[in-house]
Amino acid sequence: MTSALKGRRVALAVSGSIAAYKAVLVARLLVTAGAQVQTLFTRSASQFVGAQTFAGVTGRPVLSEMFAPGAAGEPHVDIARESELMLIVPATADLLARLAGGRADDLVAATALCSTCPVVAAPAMHPAMWAHPATQRNLRTLTGDARVHLVGPVDGEVASGERGLGRMAEPDAIVAAALAALAPRDLVGRHLVVTAGPTIEDIDPVRFLSNRSSGKMGFAIAARARARGADVTLIAGPTPLPTPAGVTRIDVRSALDMQAAVGRALGAALDAADALVMAAAVGDYRPTSTHDQKLKRTADALELGLTPNPDILAAVGAARRGVRPVLVGFAVEAAGDAQVLAYARAKLDSKRVDVVVANHAADAFGKDDNRVTLVTRDGAQALAPGPKSELADPILDFVAKKLEEPG
Ligand code: C5P
């Protein structure tokens with residue numbers, strides 16, 4: 001989960017649908033990521049889920065009344081003013097109809113009508129209700145108003161046991177949509193190519209050379225770049241990580257596969273992408289020959305001939321004319337701080353890149369958190385240690401800033 005939600009004020013509106021139980025998980029994910037969550041119930045929400053559960057998870061009482069007896073002020077005005085995002089989970093057909101009609105007949109509808117922040121709705125209903133022209137008309141109105149973004153529904157089993165389009169998006173996807181709605185939109189119209197994960201160099205059908213890279217850093221960068229509006233091509237070495245929403249993923253195996261995929265994504269003239277972020281741990285060597293049959297064990301020592309792989313990033317750096325694409329390299333070293341920085345500085349020039357993200361192998365590989373320094377020709381900027389998802393944004397800040405400079 002990402003710190004992009006830390007301290008963000010989210011109004012979580014829950015309406016009356018069986019899918020409402022999943023809103024508890026959404027609340028939990030938001031709170032874990034540091035968001036301040038104020039839950040709102042429609043009148044029928046409490047027939048499906050308990051206010052006490054949400055109060056326990058979010059640390060705030062659930063609000064459901066527009067005019068609570070004895071309470072001062074207008075809750076819908078206050079919540080709308082304070083919220084940076086309104087999430088509607090689930091959004092029933094009835095609630096969507098009320099919102100499309102501009103109704104303010106309960107606390108949820110009135111807050112939505114009063115709010116100026118983005119609104120993300122996760123519809124959930126029987127597929128027949130979703131497909132009905134009235135619902136579709138309401139959705140056109142809502143999304144046409146530009147402030148309402150939809151996440152889902154997805155195709156799958158609905159409460160009645162039937163299958164179809166109407167099942168609510170899963171909590172992870174809803175939180176990803178929330179993140180996208182809150183993100184700065186400074187990479188809209190940009191195409192970023194991001195590589196991630198290890199490469200695998202086959203020795204024979206069962207043996208290979210590889211490294212400990214998990215791919216988490218590159219996947220986090222891809223997800224945040226997408227949230228900030230970029231078109232993202234993620235070229236991934238073998239990793240079980242799920243593809244971030246909205247990202248185009250190309251799976252590769254060896255360094256040579258990765259080089260070919262990067263070449264296609266950047267285009268022959270390197271003008272098909274605005275930036276290349278090489279977060280992959282590309283294997284430096286491959287076996288000189290790959291055997292079709294499994295090598296048999298013998299009593300003799302086995303010498304494995306290794307051929308250097310091409311340096312993908314350095315080749316792009318050497319071919320680049322001018323300042324596009326912006327090039328981001330990584331330097332993972334098993335050395336002391338000063339040595340790591342010295343290596344990173346050297347890579348700025350040897351690979352002709354704009355920034356090198358320097359880190360220690362012991363901090364980086366396979367971990368969720370990392371400690372990195374951004375090394376540019378202007379100096380070194382140590383980022384606060386934290387989750388890889390948190391480190392993605394400062395790296396992308398550099399890319400976004402660089403892209404604003406005249407090309
Ligand atoms: O030289 P070193 O392997 O430390 O450089 C790391 C950087 O270069 C990373 O950004 C990595 O993705 C990239 N690289 C590459 N092709 C290679 C080896 C590394 O693009 N064969």
Side-chain angles (χ1 to χ4, degrees), residues 10-31 37-58 60-68 75-76 79-80 83 85-115 119-132 134-139 141-143 148-154 156-171 173-175 177-178:
V10 180
L12 175 65
V14 182
S15 62
S17 150
I18 299 191
Y21 74 92
K22 290 193 199 167
V24 180
L25 298 175
V26 172
R28 174 91 192 126
L29 288 170
L30 295 171
V31 169
V37 179
Q38 174 61 62
T39 313
L40 313 177
F41 270 13
T42 62
R43 281 189 201 98
S44 55
S46 59
Q47 292 176 29
F48 294 86
V49 278
Q52 207 52 45
T53 311
F54 284 91
V57 168
T58 65
R60 286 158 196 259
V62 170
L63 300 176
S64 57
E65 299 297 327
M66 276 193 78
F67 305 106
H76 60 287
I79 300 162
S83 300
L85 171 72
M86 184 166 183
L87 259 186
I88 306 179
V89 186
T92 58
D94 178 65
L95 178 54
L96 291 171
R98 289 193 286 125
L99 297 180
R103 300 290 302 268
D105 51 353
D106 72 356
L107 181 62
V108 168
T111 305
L113 195 63
C114 202
S115 68
V119 178
V120 173
M125 63 197 76
H126 188 276
M129 296 169 85
W130 174 255
H132 196 284
T135 303
Q136 291 300 314
R137 187 173 62 236
N138 291 333
L139 289 165
T141 304
L142 285 171
T143 52
V148 179
H149 309 272
L150 295 183
V151 49
V154 295
E157 191 173 331
V158 293
S160 63
E162 291 160 89
R163 297 188 69 85
L165 192 59
R167 180 184 166 89
M168 193 173 80
E170 293 303 321
I174 294 171
V175 173

Got [X] and [Y] here, is their nearest side-chain heavy-atom distance under 4.5 Å?
{"X": "Val24", "Y": "Phe54", "result": "yes"}
{"X": "His76", "Y": "Leu113", "result": "no"}
{"X": "Pro123", "Y": "Leu96", "result": "yes"}
{"X": "Trp130", "Y": "Leu139", "result": "yes"}
{"X": "Ser83", "Y": "Val10", "result": "no"}
{"X": "Leu99", "Y": "Val148", "result": "no"}
{"X": "Ser160", "Y": "His126", "result": "yes"}

Looking only at heavy atoms, which two atoms of [X] and [Y] are closest? And how far apart?
{"X": "Pro75", "Y": "Met66", "answer": "CD-O, 3.2 Å"}
{"X": "Ala19", "Y": "Ala124", "answer": "CB-CB, 3.9 Å"}
{"X": "Thr141", "Y": "Ala100", "answer": "CG2-O, 3.9 Å"}
{"X": "Ile174", "Y": "Ala122", "answer": "CD1-CB, 3.8 Å"}
{"X": "Ala173", "Y": "Val151", "answer": "O-CG2, 3.7 Å"}
{"X": "Ala27", "Y": "Thr58", "answer": "CB-CG2, 4.1 Å"}

[X] side chain vs [Y] backbone, donor-acceptor pair below 3.5 Å:
{"X": "Thr111", "Y": "Leu107", "value": "yes"}
{"X": "Gln38", "Y": "Pro61", "value": "yes"}
{"X": "Ser15", "Y": "Pro90", "value": "yes"}

- [ ] Before giving the answer on side-chain contact (heavy atoms from CB on, under 4.5 Å), spell out for Tyr21 and Thr53 the whole-Å C-alpha distance, their side-chain angles and the decisive distance to 0.1 Å.
- [x] CA-CA 10 Å; Tyr21 74 92; Thr53 311; over 6 Å; no
Quick one: pull up [atom1] in [X] and [atom2] in [Y] and give me the separation to the nearest 0.5 Å.
{"X": "Leu95", "Y": "Thr42", "atom1": "CG", "atom2": "OG1", "result": "7.0 Å"}
{"X": "Arg60", "Y": "Leu12", "atom1": "CZ", "atom2": "CG", "result": "12.0 Å"}
{"X": "Asp106", "Y": "Glu65", "atom1": "CG", "atom2": "CD", "result": "9.5 Å"}

- [ ] Determine, step by step, whether Met86 and Val108 satisfy the side-chain contact (heavy atoms from CB on, under 4.5 Å) criterion, reporting the C-alpha distance in whole Å, the side-chain angles of both residues, the deciding distance to 0.1 Å, and the verdict.
- [x] CA-CA 10 Å; Met86 184 166 183; Val108 168; 4.1 Å; yes
Task: Lys/Arg-Asp/Glu bridge criterion (N-O < 4.0 Å) met for Arg167, Glu157 - done: no
Task: Partner residues of Asp94 under the salt bridge (charged side-chain N to carboxylate O under 4.0 Å, His left out) criterion, sequence neighbours left out - done: Arg98
Open item on the list: Using the salt bridge (charged side-chain N to carboxylate O under 4.0 Å, His left out) criterion, which residues pair with Arg43? Sequence neighbours excluded.
Closed with: none
- [ ] Evaluate the side-chain contact (heavy atoms from CB on, under 4.5 Å) criterion for residues Val26 and Leu87: first the C-alpha distance (whole Å), next the side-chain angles of each, then the deciding distance (0.1 Å), finally the verdict.
- [x] CA-CA 10 Å; Val26 172; Leu87 259 186; 4.0 Å; yes
Open item on the list: Quick check on side chain to side chain contact (heavy atoms under 4.5 Å, CB included): which of Leu30, Val89, Leu25 does Pro171 satisfy it with?
Closed with: Leu25
Task: Heavy atoms of other groups near Gln136 CD, more than 12 under 6.0 Å - done: yes
Task: Candidate pair Phe48 and Ile18, rule side-chain contact (heavy atoms from CB on, under 4.5 Å), full reasoning - done: CA-CA 6 Å; Phe48 294 86; Ile18 299 191; 3.8 Å; yes
